[in-house]
Amino acid sequence: MTNKITAAITAVGGYVPEDRLTNADLEKMVDTTDEWIRTRTGVEERRILKGEGKATSDMVVPAVQELCRKRGIEPSEIDCLIVGTVTPDMVFPSTANLACHKLGAVNAWGFDLAAACSGFLYSLSVGAALIESGRYKKVVVVGADKMSSIIDYTDRATCIIFGDGAGAVLLEPSTDPESGIIDSILRSDGGGAPHLHMKAGGSLNPASHETVDKKMHYAYQEGQPVFKAAVKGMADVSYELLERNNLTGDDIAWLVPHQANKRIIDATADRIGLSHDKVMLNIQRFGNTTAATIPLCLWEWESQLKKGDNLVLAAFGGGFTWGAIWVKWAY
Ligand code: UT7
């Protein structure tokens, strides 16, 4: 009998733009204070992708190049590229399509997956299924967002948390039961749409002078209802994932949470009984990069991870979409 194939993460890459937008910068742009932003969100600065003609795919490319370099493979060896994003370069072709061309990933197919802040978790789950099917050997899963392209920098409720970035992981088949993506719980509730969405640019409200005048191409967020749903959703699903696998906080090496608000992250850690020093946190430097937050944490913590470490990846975002994934680190 052959061992079950799992999808193991075998390399990580990341990219954050050089340009910084600090709380002091925001104090000059909207009616806010560094003190308010730090205490209510945990964010101190974010990175912004600047430059004419620069788009989400321009962050995907260096993240995937780094991952290929680390693993010693060529982009032409990639079978499939999945990009979790809500800020694609354009509606079509997909960001994955454009990035494959820029990378020289000539043997890959791919697609974008829109699940807002849960985009990486949804994409990781799909990528893992492609590997588990036995049909693909190298699937790259990316979370990437150029949030600065859809943020209204006169709206203090949204501009204070979001930033730009991209993170990527390589998935390969493993028969080692002690490594790979072991279990996941993913949820969706489109009833949450009124609280977090972009009103125009889709088939409901195609672009027009009116949609531009009414600022309908920006991310719209009602902070409080999203906050309340996020605290409950992210904590509940993480708890459920542990409980159904007979795990406790003591078994977990790291919580890898979506970085939307430090208070949401703390609530999730408390609910699963995890001390805060086992929580990856880079919200203070990168803000909320939407689909990129979780892979950017893996990118930054990679050198501290050990084979067999149990990681819980958890996210909540627009949709509503949310979920948690149990990963056993493979290297
Ligand atoms: O990424 C995935 C999805 N997104 C999230 O998970 C985000 C979830 N929501 C949040 O993180 C928080 O709701 C925010 C950070 C967006 C807002 O924090 P909050 O503690 O929920 O603030 P609030 O909206 O309840 O506003 C509290 C007060 C209000 O003033 P009054 O009515 O009490 O006088 C706001 O007008 O703070 C005011 N306020 C601000 N003050 C200074 C709102 N934004 C700001 C600001 N600076 N930037």
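Computed from a predicted structure; not experimentally measured. First listed ligand is number 1; within each ligand, the first listed atom is number 1.
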How far does CZ of F162 sit from CD1 of I150, to the nearest 0.5 angstrom?
7.5 Å
Could you tell me which residues satisfy salt bridge (charged side-chain N to carboxylate O under 4.0 Å, His left out) with D251, sequence neighbours excluded, listed by chain and number?
none
Contacts of R47 that satisfy side-chain contact (heavy atoms from CB on, under 4.5 Å) - sequence neighbours left out
V16, P17, R20, E45, F286
V61 pairs by side chain to side chain contact (heavy atoms under 4.5 Å, CB included) with which of V142, T56, L103?
L103
Select all protein residues for which some heavy-atom-to-ligand 1 distance is less than 4.0 Å, and list them by chain and number.
D31, T32, W36, R40, T41, C117, R156, A157, I160, L196, Q221, G223, Q224, V226, F227, H258, A260, N261, R263, I264, N288, F316, G317
Output, in order, the C-alpha distance, side-chain angles, deciding distance and verdict of side-chain contact (heavy atoms from CB on, under 4.5 Å) for D164 and T87.
CA-CA 10 Å; D164 303 340; T87 52; over 6 Å; no
Partner set under salt bridge (charged side-chain N to carboxylate O under 4.0 Å, His left out) for D236, not counting sequence neighbours:
K232, R271
